[in-house]
Amino acid sequence: MIKGPGRLDANALNFSGGPGVLPARVLEELEEAIRSAPGVGLSILGVSHRSDWFAELVDQTERDLRALLRLPESHAVLFLQGGASLQFSLVPMHLLRSKEQTAEYLRTGYWSAKSISPAHLEGQVRVLWDGEGGGFHRLPRPHELKPAADAAYLHYVSNETVEGLQFHWIPGRDDVIRVCDMSSDFLAYPFDPTRFDLIYAHAQKNLGPAGVTLVLIRRALLERAPADLPAILDYRAHLQARSIYNTPPVFAIYAVSRVLRWLIEEIGDLDRMCERNRRKAERLYSVIDRYPELYRGWAAPEDRSLMNVVFRLATPEREAEFLRQATQAGFSGLQGHRALGGIRASIYNAMTLVAVEQLAEFMEEFAAKG
Ligand SMILES: Cc1ncc(COP(=O)(O)O)c(C=O)c1O
């Protein structure tokens with residue numbers, strides 16, 4: 001008999017690929033803020049984005065983010081809308097408007113593949129590495145990449161959410177603009193943000209609910225952006241307006257601020273966050289490796305993601321049975337992405353070790369039953 005989640009509630013056992021799990025403490029704070037935001041006395045859903053309170057919230061959120069990442073003033077922080085998908089267009093619109101230049105892309109999975117077509121509308125594109133021939137089971141090794149010194153920029157996705165492939169090194173050249181979609185592993189581990197010229201990450205994995213996307217951009221890049229961009233699509237307009245160009249998603253930004261406070265006050269820093277994420281991922285991958293006849297990990301072991309543990313079972317029927325029993329035991333969100341099928345356990349920052357332990361035990365018991 002599967003032990004079942006017992007003391008954990010449904011939110012704690014939400015292994016969804018995104019929008020993902022949020023810390024229990026943040027959910028409580030949001031519940032309270034929907035009734036009455038601290039310091040305002042009104043529901044957060046009715047707080048004016050033109051209020052001093054909201055301007056201070058944006059500033060404080062930026063300060064917390066800078067502190068966590070040790071992000072210097074060389075980089076601006078923007079809170080934008082349109083999801084990571086809008087960034088697939090805004091990046092080439094800002095950085096690839098000259099037809100003589102070529103942008104380089106790493107095509108390592110579902111989301112990086114999606115990021116490429118909008119770039120074709122702006123200029124020339126070279127796919128520097130394409131994982132499709134290998135079925136997107138692995139990432140390139142450093143010696144397989146020959147990035148050009150004269151590329152407009154190099155774009156890659158640090159964590160392929162669908163396939164569960166994560167870069168554990170930084171590709172590209174330090175003398176070429178490096179752009180990274182960190183939507184599904186932002187703030188999961190420490191890294192040097194100054195090696196990146198532009199980072200974007202939507203909130204709905206590690207930061208909060210959908211609705212806000214963070215963009216960290218080296219200020220010097222903004223000087224070269226074309227002059228004819230519509231203001232709503234121009235990073236400079238958002239920077240000048242301190243991310244309050246038009247009505248921003250006040251609630252989503254408030255949630256991000258609470259998640260950052262949780263990370264700082266309860267976890268500590270990105271080293272500790274990473275340590276916790278490693279323990280969670282190792283626990284699940286160790287079950288996969290112990291039962292190779294039942295569970296087949298998708299990613300090459302060197303490229304395994306700390307955020308999305310993707311695996312298949314021998315047949316679609318076994319996968320359906322796994323999901324049926326998992327649902328019965330209280331787990332949710334384990335179905336693989338529609339493009340890939342199989343199983344995906346997303347264990348974003350807010351997923352607890354206790355919840356992962358319960359999933360690991362469930363997987364062990366499922367395997368033991370044969
Ligand atoms: C790595 C990555 N990039 C981009 C996207 C697209 O994000 P959005 O739906 O915010 O446009 C996703 C969606 O899950 C993702 O995981």
Side-chain angles (χ1 to χ4, degrees), residues 14-22 78-93 103 105-119 121 129 131-132 136 139 153-168 170-171 178-189 191 196 198-216 232-233 238 243 248-249 251-253 255-256 259 277 281 298-299 303-310 333-342 344-351:
N14 180 7
F15 287 83
S16 159
V21 64
L22 287 175
L78 302 174
F79 299 86
L80 304 183
Q81 300 181 65
S85 299
L86 182 61
Q87 297 308 313
F88 295 166
S89 290
L90 293 197
V91 166
M93 284 170 79
Y105 278 73
L106 302 186
R107 194 166 178 271
T108 50
Y110 182 86
W111 286 111
S112 58
K114 284 232 167 196
S115 72
I116 296 173
S117 335
L121 298 176
W129 192 84
E132 189 168 11
F136 294 129
L139 296 174
Y153 59 87
L154 175 103
H155 177 281
Y156 77 104
V157 174
S158 53
N159 183 69
E160 288 283 5
T161 323
V162 173
E163 294 83 0
L165 292 163
Q166 187 175 31
F167 276 94
H168 300 295
I170 297 179
R178 182 182 279 118
V179 180
C180 187
D181 174 358
M182 293 196 187
S183 291
S184 54
D185 65 355
F186 191 57
L187 303 187
Y189 49 84
F191 67 96
F196 295 83
L198 198 159
I199 293 170
Y200 58 94
H202 63 200
Q204 61 263 34
K205 267 64 169 181
N206 275 343
L207 291 169
V212 61
T213 298
L214 266 61
V215 173
L216 279 48
I232 188 75
L233 301 179
H238 292 280
S243 295
F251 178 74
I253 293 173
V256 171
V259 170
N277 286 332
W298 182 271
D303 305 316
R304 283 174 166 178
S305 168
L306 297 181
M307 300 278 101
N308 311 98
V309 178
V310 177
L334 284 167
Q335 182 130 33
H337 188 272
R338 63 190 186 284
L340 206 74
R344 172 175 59 175
S346 296
I347 47 176
Y348 296 122
N349 279 358
M351 178 59 66

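Atoms considered below: every heavy atom in the structure, side chains included; atoms not considered: hydrogens, waters and symmetry mates. Counting starts at 1 for both ligands and their atoms, in listed order. For clarity, every value in this text was computed on a predicted model and none was experimentally measured.
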Could you tell me how the ring of His337 sits relative to the ring of Tyr110: parallel (under 30°), tilted (30 to 60°) or perpendicular (over 60°)?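 Tilted: the ring planes of His337 and Tyr110 meet at 30° to 60°.
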
For the pair Phe88 and Trp111, name the ring-plane relationship: parallel under 30°, tilted 30 to 60°, perpendicular over 60°.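 It falls in the tilted class, 30° to 60°.
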
Pairs under 3.5 angstrom, nitrogen or oxygen on both sides, ligand 1 versus protein: list them out, please.
| from | atom 1 | to | atom 2 | distance (Å) |
| --- | --- | --- | --- | --- |
| ligand 1 | 3 (N) | Asp181 | OD2 | 2.6 |
| ligand 1 | 7 (O) | His202 | ND1 | 3.0 |
| ligand 1 | 10 (O) | Ala84 | N | 3.0 |
| ligand 1 | 10 (O) | His202 | ND1 | 2.6 |
| ligand 1 | 10 (O) | Gln204 | NE2 | 3.2 |
| ligand 1 | 11 (O) | Ala84 | N | 3.3 |
| ligand 1 | 11 (O) | Ser85 | N | 2.8 |
| ligand 1 | 11 (O) | Ser85 | OG | 2.5 |
| ligand 1 | 14 (O) | Lys205 | NZ | 2.5 |
| ligand 1 | 16 (O) | Trp111 | NE1 | 3.3 |
| ligand 1 | 16 (O) | Thr161 | OG1 | 2.5 |
| ligand 1 | 16 (O) | Lys205 | NZ | 3.4 |

Check for a donor-acceptor pair, side chain of Glu160 on one end and backbone N or O of Gly109 on the other, with a separation under 3.5 Å.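 It does hold such a pair.
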
Note, Ile199 side chain near Phe191 side chain (heavy atom, < 4.5 Å):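 Answer yes - side chains close enough.
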
Point-to-point distance, once rounded to the nearest 0.5 Å, from CD of Glu163 to CZ of Arg344: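 So the gap between those two atoms works out to 9.0 Å.
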
Looking at residues at least two apart in the chain, or sitting in another chain, which of them share a salt bridge (charged side-chain N to carboxylate O under 4.0 Å, His left out) with Arg107?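 Asp130, Glu132.
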
